[in-house]
Trainee: 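Okay, handing you the structure first.
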2 protein chains.
Amino acid sequence: MTALRPLRPSSKVLPVDARGHNRSLVLQTLYREGSRSRADIARETALTRVTVSALVAELISDGLVVELGQREETRPGKPATLLDLDRSAFVIVGLDLSEHSVFTGALLDLDGAISARAEVALDGSTGDEAVAKVVALAEQLIGQATAPVLGIGVGSPGVVDLGGVVLSAPNLGWNGMPLQSILADRFGVPVLVANDANAAVLAEHSFGGADSDAMLITIGHGVGAGLLLGGTPLFGSRFAAGEIGHVVVGTDGGAVCACGKRGCLETWLSIPNLIDRLEGEQGAARTAVLQEAGQRLGIALAPVVGALDLSEVILSGPTDLLDGPLMAATVETLRSRTMAEFHGSLTLRMTTLGPDIVLRGAAVMVLSGQLGVS
Amino acid sequence: MTALRPLRPSSKVLPVDARGHNRSLVLQTLYREGSRSRADIARETALTRVTVSALVAELISDGLVVELGQREETRPGKPATLLDLDRSAFVIVGLDLSEHSVFTGALLDLDGAISARAEVALDGSTGDEAVAKVVALAEQLIGQATAPVLGIGVGSPGVVDLGGVVLSAPNLGWNGMPLQSILADRFGVPVLVANDANAAVLAEHSFGGADSDAMLITIGHGVGAGLLLGGTPLFGSRFAAGEIGHVVVGTDGGAVCACGKRGCLETWLSIPNLIDRLEGEQGAARTAVLQEAGQRLGIALAPVVGALDLSEVILSGPTDLLDGPLMAATVETLRSRTMAEFHGSLTLRMTTLGPDIVLRGAAVMVLSGQLGVS
DNA sequence: TCATGTTTGTTAGTAAAGCTTACGAACTTA
DNA sequence: TAAGTTCGTAAGCTTTACTAACAAACATGA
């Protein structure tokens with residue numbers, strides 16, 4: 001197999017960079033496969049036992065890896081010393097800024113399990129005031145930490161660049177807000193900030209079993225999406241990938257949107273709009289409203305699914321509204337509007353991670369950025 | 001700036017791999033910037049002069065780089081010895097299998113300039129017979145080569161996997177045809193096979209000035225697309241990325257397609273269908289047909305442009321039909337159906353590379369795969 | 001004119017990374 | 001008890017890119 005190399009080798013690579021890569025490889029093996037011996041790791045990574053020993057020694061002295069003792073299993077040869085990630089050695093602070101009236105946060109261990117929670121009401125704060133609430137939330141969580149903080153991951157609404165600057169988040173009044181550097185300066189730990197839907201799709205990949213080409217649609221006050229292509233998050237040319245809420249759907253009009261256009265996806269699908277249209281409706285009428293919303297989502301997604309050859313589309317939002325006639329209509333519409341060969345392999349489902357999906361995605365960002373693990 | 005690392009470090013990295021990367025970096029600098037001295041390259045790559053000297057010595061002994069003599073410009077210090085890629089040291093064989101009734105091929109130099117052409121009529125051949133014609137075409141071109149062949153690049157219709165197996169190309173009757181290994185075994189040189197539209201978007205990126213997030217739409221007997229995201233071609237979960245010809249457009253019916261659905265993009269936009277509908281039409285009626293086709297393209301592209309945050313969409317096909325009312329209608333439709341903030345930076349244009357775009361894209365694949373250059 | 005400074009490309013030596021080879025330790029099996 | 005197996009480590013080697021230093025070849029200013 002001859003794959004294309006990256007088109008633009010952007011900077012030099014020193015031996016030490018290769019070492020970092022191999023170190024992550026060892027860490028990744030332990031993270032995913034659980035307790036292994038040095039010899040096991042050598043076999044799985046194709047590195048030699050000698051090299052693995054050296055890398056493991058480094059990881060042990062960094063406090064990331066611990067020896068568990070000898071393997072119980074009885075077989076010929078010297079018993080292996082089992083190793084594992086010290087999953088309680090560090091905690092991760094995850095922050096979810098995507099909800100409309102509250103910032104939520106949590107302490108997570110290296111497996112993404114939540115050990116403490118906190119939240120702060122937004123009370124209509126915007127701008128620096130909203131930033132102060134983010135800082136306070138992080139401070140409160142760090143105060144509860146029982147282990148060193150590996151890093152802070154933040155899922156923010158709006159458009160976020162690769163340096164963690166929130167270029168635009170209308171609801172919070174942020175325009176070019178350097179959230180990453182503010183938090184990094186304040187707390188002195190690594191900080192990673194990304195769009196909430198991007199964080200969510202990472203969580204779904206790491207913890208929800210989504211494969212490497214997936215799209216996650218977040219349906220709430222607005223409608224957004226996070227894309228994972230070939231295992232890599234997509235950011236887009238101006239970091240606005242996934243902003244599909246204001247794409248017009250269909251060729252037959254629709255309601256007027258806050259953005260001025262008519263028939264935007266949000267007018268069909270956002271939760272406030274859905275609830276408005278469901279007001280007082282029962283039975284078949286209710287089903288019809290949900291089906292129409294699902295059809296509209298399918299119409300909007302069909303070209304994207306076809307162009308990207310996605311194998312998995314995941315919905316995140318209120319289950320009572322989404323998981324039923326709406327999702328069924330979306331699947332049906334997608335099937336009737338894309339090529340037959342897609343039907344077998346395209347799956348559409350709800351997220352399995354529930355409302356913590358952004359928090360856990362924020363943790364994945366830290367795991368990925370700091371340890372090269374996910 | 002803290003970017004996310006690749007999520008899955010897939011294999012170990014040895015120092016020798018880093019060396020290969022740096023070697024490509026030097027090559028890339030010479031390829032893009034033209035004649036430079038060793039010291040210039042060191043400054044641009046951040047490698048030391050010593051390291052660059054060693055890499056350059058290797059490249060000279062491989063016949064890829066030549067010394068041009070001393071720099072003319074008068075300035076203090078010892079005069080620099082200028083280097084350049086020996087752009088005539090190798091030739092590339094490019095093959096375009098995307099046309100309906102003929103396979104075309106060319107010899108290209110390292111700059112992508114065409115020095116010889118050949119073609120072979122398809123005469124309705126399919127299956128192994130069609131493969132034999134590909135082999136004959138390659139053989140004829142290799143026979144004309146005046147320098148060693150760096151590799152063979154092939155742009156094929158249909159779905160092509162990363163190993164150069166054509167999984168499905170209905171017109172050619174290929175299902176799982178291992179074109180890469182057939183050609184590699186036959187000619188003993190590196191062979192790279194990809195979908196024609198993927199090849200085309202690579203050409204547009206390297207030679208046509210397209211930026212790193214672009215989509216190229218090929219409009220001919222069918223309608224397809226190649227996607228470049230963050231400078232990397234997108235293949236999709238089943239190597240079928242870009243297959244948009246049979247996505248249904250709009251919510252108001254349309255003509256019945258060969259695939260059985262109604263209103264597929266191809267029924268609006270493929271050249272045979274367009275010509276049918278233009279039959280006998282003049283003036284405003286002709287314009288109306290073209291505008292409607294353009295609108296349909298815009299409707300199909302809007303969700304993709306929004307979801308991927310594309311900055312550039314390029315059309316490839318017959319200029320007389322595409323470059324006029326059709327393209328104007330596509331732009332207008334895209335603008336009216338996506339967010340206002342896209343309008344400033346989204347450009348839609350015809351390719352500047354004409355009918356050789358796939359041949360040149362095939363050359364880019366070889367340059368990228370063999371030299372890490374593009 | 002001539003000393004000084006600048007730039008280039010190379011030589012010599014060093015540090016880091018992962019490799020191969022070899023070995024002792026600890027266990028199972030015949 | 002001897003032989004075989006597996007684990008982890010030690011010693012030495014090769015490769016890589018680095019720093020330091022230098023000669024060559026030029027420009028510039030006193």
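Numbers restart at 1 for each chain; the letters A, B, ... are given by sequence-line order, proteins then strands. What's counted below: heavy atoms across the whole structure, side chains too, no hydrogens, waters or symmetry copies. Since the model is a prediction, treat every value here as computed from it, not as a measurement.
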Trainee: Verify the contact: side-chain N or O of Lys12(B) to OP1 or OP2 of dC19(C), cut-off strictly under 4.0 Å; return yes or no.
Mentor: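 So the side chain of Lys12(B) is within the cut-off, an N or O lying under 4.0 Å from OP1 or OP2 of dC19(C).
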
Trainee: Please examine the side chains of Ile152(B) and Gln180(B), heavy atoms only from C-beta on, and report whether any two atoms are closer than 4.5 Å.
Mentor: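 SC-SC contact between Gln180(B) and Ile152(B) ruled out.
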
Trainee: Quick one: on DNA chain C, does Thr51(A) or Ala80(B) contact a more 5' nucleotide (nearest heavy atom)?
Mentor: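 Counting from the 5' end, the first nearest nucleotide belongs to Ala80(B).
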
Trainee: Once you round it to whole Å, what is the distance between C1' of dT6(D) and CG of Asp40(A)?
Mentor: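 The distance from CG of Asp40(A) to C1' of dT6(D) comes to 11 Å, rounded to the nearest Å.
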
Trainee: Donor-acceptor pair, Asp40(B) side chain versus Ser37(B) backbone, under 3.5 Å?
Mentor: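 Such a contact is found between Asp40(B) side chain and Ser37(B) backbone.
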
Trainee: Does a nitrogen or oxygen in the side chain of Arg75(A) sit under 4.0 Å from OP1 or OP2 of dG4(D)?
Mentor: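 No, no such contact exists.
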
Trainee: Using only side-chain N and O atoms of Ser53(A), determine if any of them is under 4.0 Å from OP1 or OP2 of dT9(D).
Mentor: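 Yes.
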
Trainee: dC26(D) phosphate, OP1 or OP2: any side-chain N/O from Thr74(B) under 4.0 angstrom?
Mentor: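 For dC26(D), neither OP1 nor OP2 has a side-chain N or O of Thr74(B) closer than 4.0 Å.
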
Trainee: Can you tell me how far P of dC7(D) sits from CZ of Arg71(A), to the nearest Å?
Mentor: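 That distance rounds to 7 Å.
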
Trainee: Would you mind reading off the distance between Leu68(B) atom CG and dG9(C) atom P, rounded to a whole angstrom?
Mentor: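 Those two atoms, CG and P, are 12 Å apart.
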
Trainee: Does the side chain of Ser24(A) come under 3.5 Å of the side chain of Asn22(A) through a donor N or O and an acceptor N or O?
Mentor: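 On atom types as modelled, these side chains do not qualify, holding no pair under 3.5 Å.
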
Trainee: Counting only side-chain nitrogens and oxygens, does Asn22(B) get under 4.0 Å of the OP1 or OP2 atom of dA17(D)?
Mentor: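 For dA17(D), OP1/OP2 do have a side-chain N/O of Asn22(B) under 4.0 Å.
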
Trainee: NA contact type, Arg23(B), heavy-atom cut-off 4.0 Å: base, sugar-phosphate, or nothing?
Mentor: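 It contacts nothing in the nucleic acid.
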
Trainee: Taking OP1 and OP2 of dC18(D), is either one under 4.0 Å from a side-chain nitrogen or oxygen of Thr48(B)?
Mentor: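 Thr48(B) to dC18(D) OP1/OP2: side-chain N or O found under 4.0 Å.
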
Trainee: Could you check how far CG of Leu82(A) sits from C1' of dG8(D), rounded to whole Å?
Mentor: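 So the two atoms are 13 Å apart, to the nearest Å.
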
Trainee: Tell me whether the OP1 or OP2 atom of dG8(D) has a side-chain N or O from Thr81(A) closer than 4.0 Å.
Mentor: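 Thr81(A) to dG8(D) OP1/OP2: side-chain N or O found under 4.0 Å.
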
Trainee: Rounded to whole Å, please give me the gap between CG in Leu55(A) and P in dT9(D).
Mentor: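 That distance rounds to 12 Å.
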
Trainee: Could you check whether any side-chain heavy atom of Arg23(B) comes within less than 4.5 Å of a side-chain heavy atom of Leu64(B), counting everything from C-beta outward?
Mentor: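 Arg23(B) reaches Leu64(B) side chain to side chain.
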
Trainee: Return whichever of Ala54(A) or Pro15(A) has its heavy-atom-nearest nucleotide of DNA chain D closer to the 5' end.
Mentor: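 Here Ala54(A) is the residue nearer the 5' end.
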
Trainee: Distance check needed: dA25(D) C1' versus Arg38(B) CZ, whole Å only.
Mentor: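 Computing the Arg38(B):CZ to dA25(D):C1' distance gives 16 Å.
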
Trainee: Is there a donor and acceptor pair closer than 3.5 Å between the side chain of Arg49(B) and the base of dG9(C)?
Mentor: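 Between dG9(C) and Arg49(B), which were checked side chain against base, a qualifying N/O pair under 3.5 Å is present.
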
Trainee: Pick base, sugar-phosphate or nothing for Val52(A), based on heavy-atom distances below 4.0 Å to the nucleic acid.
Mentor: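 The residue Val52(A) makes no contact with any strand.
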
Trainee: Assuming nearest nucleotide by heavy-atom distance, tell me which of Val50(B) and Lys78(A) is located more 5' along DNA chain D.
Mentor: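 Result: Lys78(A).
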
Trainee: Under 4.0 Å, counting only non-hydrogen atoms across every strand here, what does Val16(A) touch: a base, just sugar-phosphate, or nothing?
Mentor: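 The answer is sugar-phosphate, as Val16(A) gets under 4.0 Å only of primed atoms, P, OP1 or OP2.
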
Trainee: Send over the distance from Arg19(B) CZ to dA16(C) C1', rounded to a whole Å.
Mentor: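 Spelled out: CZ on Arg19(B) to C1' on dA16(C) is 16 Å.
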
Trainee: CG of Leu14(A) versus P of dT14(C): gap in Å, rounded?
Mentor: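 Atom CG in Leu14(A) sits about 20 Å away from atom P in dT14(C).
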
Trainee: Between Asp213(A) and Ser311(A), is any side-chain donor less than 3.5 angstrom from a side-chain acceptor?
Mentor: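 No pair is found: no donor N or O on one side chain lies under 3.5 Å from an acceptor on the other.
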
Trainee: Measure from the side-chain N and O atoms of Ser374(B) to the backbone N and O of Val364(B), and report whether any donor-acceptor pair falls under 3.5 Å.
Mentor: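 Checking the backbone N and O of Val364(B) against the side chain of Ser374(B), no donor-acceptor pair under 3.5 Å is found.
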
